[in-house]
Amino acid sequence: MKKIMNDPNEIVDEMIEGMIVAHSQLIQRVPETGIIQRRAEKTGKVGIVSGGGSGHEPAHAGFVGEGMLSAAVCGAVFTSPTPDQILEAIKVADEGAGVFLIIKNYSGDIMNFEMAQELAEMEDIEVESIVVDDDVAVEDSIFTQGKRGVAGTIFVHKILGYAAQQGKSIKEIKKLAEELVPNIKSIGLALTGVTTPGASQASFTLGENEIEYGVGIHGEPGYRREKLQPSYDLAEELLTKLAEEFDVTRRFAVIINGLGGTPLMEQYVFTNDVKKLMDKDEWSIDFYKVGNFMTSLEMQGLSLTLLCLEDDFYMEALSAPVETISW
Amino acid sequence: MKKIMNDPNEIVDEMIEGMIVAHSQLIQRVPETGIIQRRAEKTGKVGIVSGGGSGHEPAHAGFVGEGMLSAAVCGAVFTSPTPDQILEAIKVADEGAGVFLIIKNYSGDIMNFEMAQELAEMEDIEVESIVVDDDVAVEDSIFTQGKRGVAGTIFVHKILGYAAQQGKSIKEIKKLAEELVPNIKSIGLALTGVTTPGASQASFTLGENEIEYGVGIHGEPGYRREKLQPSYDLAEELLTKLAEEFDVTRRFAVIINGLGGTPLMEQYVFTNDVKKLMDKDEWSIDFYKVGNFMTSLEMQGLSLTLLCLEDDFYMEALSAPVETISW
Amino acid sequence: MNMDLQTGIRWMELFNEDIQQNKDYLTQLDTPIGDSDHGNNMSRGMDQVIQAIEAESPDSLEALLKLVTSTLLSKVGGASGPLYGSAFMGMLKILKGDNTSSWDKVLRGGLDSIQKRGKAEVGDKTMVDVWAPVVKSLENKQLTHVVIEEAVEATKPLKAKKGRASYVGDRSIGHIDPGAYSSALLFQAMLKSEEK
Amino acid sequence: MNMDLQTGIRWMELFNEDIQQNKDYLTQLDTPIGDSDHGNNMSRGMDQVIQAIEAESPDSLEALLKLVTSTLLSKVGGASGPLYGSAFMGMLKILKGDNTSSWDKVLRGGLDSIQKRGKAEVGDKTMVDVWAPVVKSLENKQLTHVVIEEAVEATKPLKAKKGRASYVGDRSIGHIDPGAYSSALLFQAMLKSEEK
Ligand SMILES: Nc1ncnc2c1ncn2[C@@H]1O[C@H](COP(=O)(O)OP(=O)(O)O)[C@@H](O)[C@H]1O
Ligand SMILES: Nc1ncnc2c1ncn2[C@@H]1O[C@H](COP(=O)(O)OP(=O)(O)O)[C@@H](O)[C@H]1O
Ligand SMILES: [Mg+2]
Ligand SMILES: [Mg+2]
Ligand SMILES: [Mg+2]
Ligand SMILES: [Mg+2]
């Protein structure tokens, strides 16, 4: 896999530098760390911190800014950042009202964020957290690590970021987060695997006409391979999987998320099919995001996220303006 | 090439539909056309219309909105829209002060827009236009079609859109455009070719470790193939080509434009290298855009655009807020 | 040669068949020196032309040319849309001006329109390099299939100066121009329409 | 077995060599059931450990373990960073509490810490499946290279219940766990450090 890069070991560092020069009005780097911090003024509100491995750009740094994240921590490619880095991010995000961590459900992320939380508490910073596990592709997850956190995390960033901006307390944010996450479900599909910088082979390889349902955002294999179907059928497969997860409420916010190598044209075609299918079921979509939000390097494919709009606060939060690079 | 689509003949239509459902607050479709119109209120100012073949998303419809384009016309994939469609776009964009057309320098685009302009003038709409030809890759262009219009067109959209919003007359916009375009230079490179929907083969094929400099945004071949170099060297090659085009002023606005399949991570690494090289030459970059703006379906690669900030109005225009999907 | 409504319709039908059969080949020609869509463009356009003829049953050669013009102009796009559209519009103009014009004069009007719109000269490696010798041979009553074939072949060594192929400079040399090829199909079909 | 500062340093050096040599293989193991980075993660971490030892010349086994702990915690990330970090931290705790603790007690402290942090049980197809039998054999004074090899091999038929491999469910069966393999390298290096 050809990549525009220099030394694969420096790729995250150079990416952060590039990001900073391009968006210096909005963000700044905490020197010598993988932490990107917003430039917004501190106002004594709860800080929101997210992060994880790199390779998912614009996540997470693209969502740093007034009304969303206070800071994001970038680990190595597909590798959770370390506790000391997360601790540092907690410190810069702390405005006196505590810091809330948004963690995706991976062993590595959980352990590193947990250790950071312990370290922060030793320094008397109040820290709470939520683990996002929106990916319904993983079956049989009860006795294991559970489900993965994927693109639905972006909704968590936005809604909790808004709550913090509104001056909610860390306990209120914790409660909001616990109610919110079970309402978010995602599932993806891939047309290609993904190759990490410097690696000699792709995570997996698909045939010339083959796709895979249920892949993760780190090249984790999915639940089924088959021949590429028309977009409408792909949308139907993903929506059917998601529909099993919801019952009463039929109003949704949707993310159609490109995985990095999928042109916008295809994402919009797919959006059109999702809309058609939702109309057929008389499910309404009140809010759309279409684009590359939580990617997997150059992977071709996309994911579909539904957020059940149970609480009116969700729409209020989603519609509020923010100053970030990528929301 | 696997694509998420249904019928390749319907791909543009379905894409437009998807775009509209996703962004219905900002844009609307002129029924049964390939025209996307902004929802902003009409205020009697000059209308700005752009367009061209599809497959370059978010261009051009992503730049429709208050402060930028009044309307965009989407042709078939890589095929200029027809005169009747462009005429229709001119009509919906007309608020009484005339309509200005932004045309990229391709035979097809020029002829179709020219015919539309003739038709509009027959209906007493004042129409002026500019042809954008920012791609310096094409050498020896004096006695031919000239140079291609590529990503630099986005700057033209933004600056003329702002001028129109400020209430400038169509003659003033024409003058501004004629001064602006020679200050914009672009050049691209590809890691892969591109396959149009339904086509059985790619426009060109590159080896496992091969890149091509100077490619166009329709899979047109470039000026040189060679082994993939580190990002820094790629940036140096492109900047050297661009530098030949400028002399005195050393303040620039820059677009680092992903061609569709290039992850943001690589675009930011490249951005960092561009910054380093510009610093070395003591050229200053006052404004950055990094992302996918003028793409070529799923092509991997990027282009670099420099706008020489000769006139202070350019920065004022670039910095002004807009309400579009993708600026 | 003579042209009337029936021959004209047959001409368009034959042209459409050839275009559909050669769709992939035209796109292939448009790949090394263009953007791989000439087959699609012509196929889409001619499909619509045939549909329009069936739907509207034009009752004169003039009405037919008018229908072909407006269909090509509004359905093809790209470079070939306005050029083929202009060609038929130019032919229509001559016919309208003088209903008794000989067919070579009519075609000359088409060629003039192409050149007015596209500013290409003979030798620029475009469809003009087929239109110009064809019209000339017709004027001299010497138009044959061979003349057409030779005209297309002759675009191969040329370096493109107009259209998308001009962007590849010297590397356009050695390839047949796609628009020249589709124009050859047009004139082959014209000859066949008369043969019948 | 006995451990002292010199043996400890040699242990880390040997472990580093093995990790660097097996970097690609570890990543390969992490491909079908993980995210293809275990080799990178361990290589980055151990490279830093060796640099830290050279830079800081720890003057006691305790100081060495402390240095390894903080380096792994701050340079590796992912799952293996906090787990290996916790392992050395757990070992350090035992040694700090009682300087005369036998080495198997110290390692037991490491294992406990891994399980506290990662909540994995024996049979979950993680590094615990190497750590647990190794510690037990050491307690019984029966630790050999063969024991270690068998423990790694034994992860192959297991279905993963913790870590990233658990996301692939049944399809984790039939693959060696990468963290188990790197832990095996750790203990092989430990045995070699003593042999010398
Ligand atoms: N200025 C021009 N004058 C005459 N013919 C032209 C001109 N520009 C392009 N052409 C013709 O159009 C053909 C390409 O048509 P097509 O591929 O359908 O359009 P596009 O180039 O917009 O993709 C060329 O092969 C050439 O014969
Ligand atoms: N909860 C856990 N308990 C014990 N070991 C674990 C746990 N989660 C993961 N591991 C170990 O970590 C290894 C993976 O490490 P690595 O690939 O470096 O991290 P990541 O999974 O974050 O990419 C697995 O092979 C497994 O041995
Ligand atoms: Mg990892
Ligand atoms: Mg075209
Ligand atoms: Mg073409
Ligand atoms: Mg891993």
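Numbers restart at 1 for each chain; the letters A, B, ... are given by sequence-line order, proteins then strands.
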Between C:K119, C:K75, C:R164, the one whose heavy-atom pairs under 4.5 Å with chain B are most numerous: C:R164
B:N112 versus chain C, the contacting section by heavy-atom distance below 4.5 Å: both
B:E118/C:R117 salt bridge by N-O under 4.0 Å criterion: yes
Structural part of B:E114 lying under 4.5 Å from a heavy atom of chain C: both
Separation of C:D37 CG from B:S203 OG (nearest 0.5 Å): 11.5 Å
Any B:M115 side-chain heavy atom under 4.5 Å of C:S86 side chain: yes
Contact listing (chain C partner; residues 100-109 of chain B; heavy atom under 4.5 Å): B:N105, B:Y106, B:S107, B:G108
Contacting region of B:A76 [heavy-atom separation from chain C under 4.5 Å]: side chain
Whether over 12 other heavy atoms sit under 6.0 Å from C:K136 NZ: no
Approximate separation, where rounding is to 0.5 Å, of C:S166 OG and B:K147 NZ: 13.0 Å
Minimum heavy-atom distance between B:T82 and C:L73, given as atom pair plus value: CB-O, 3.1 Å
Side chain C:R171, main chain B:G222, donor-acceptor under 3.5 Å: yes
Side-chain touch B:T79/C:R44, heavy atoms, less than 4.5 angstrom: yes
Chain B contacts, top residue of C:G78, C:A120, C:G39, C:S70 (heavy-atom pairs, under 4.5 Å): C:G78
Leading residue by heavy atom contact count with chain B [cutoff under 4.5 Å; candidates C:L83, C:D24, C:I33]: C:L83
Proximal component of C:S74, with respect to chain B [non-hydrogen, under 4.5 Å]: both
Proximal component of B:V194, with respect to chain C [non-hydrogen, under 4.5 Å]: neither
Under 4.5 Å from any heavy atom of chain C - which part of B:F204: neither
C:A160 versus chain B, the contacting section by heavy-atom distance below 4.5 Å: backbone
Greater than 12 external heavy atoms within 6.0 Å of C:N140's CG: yes
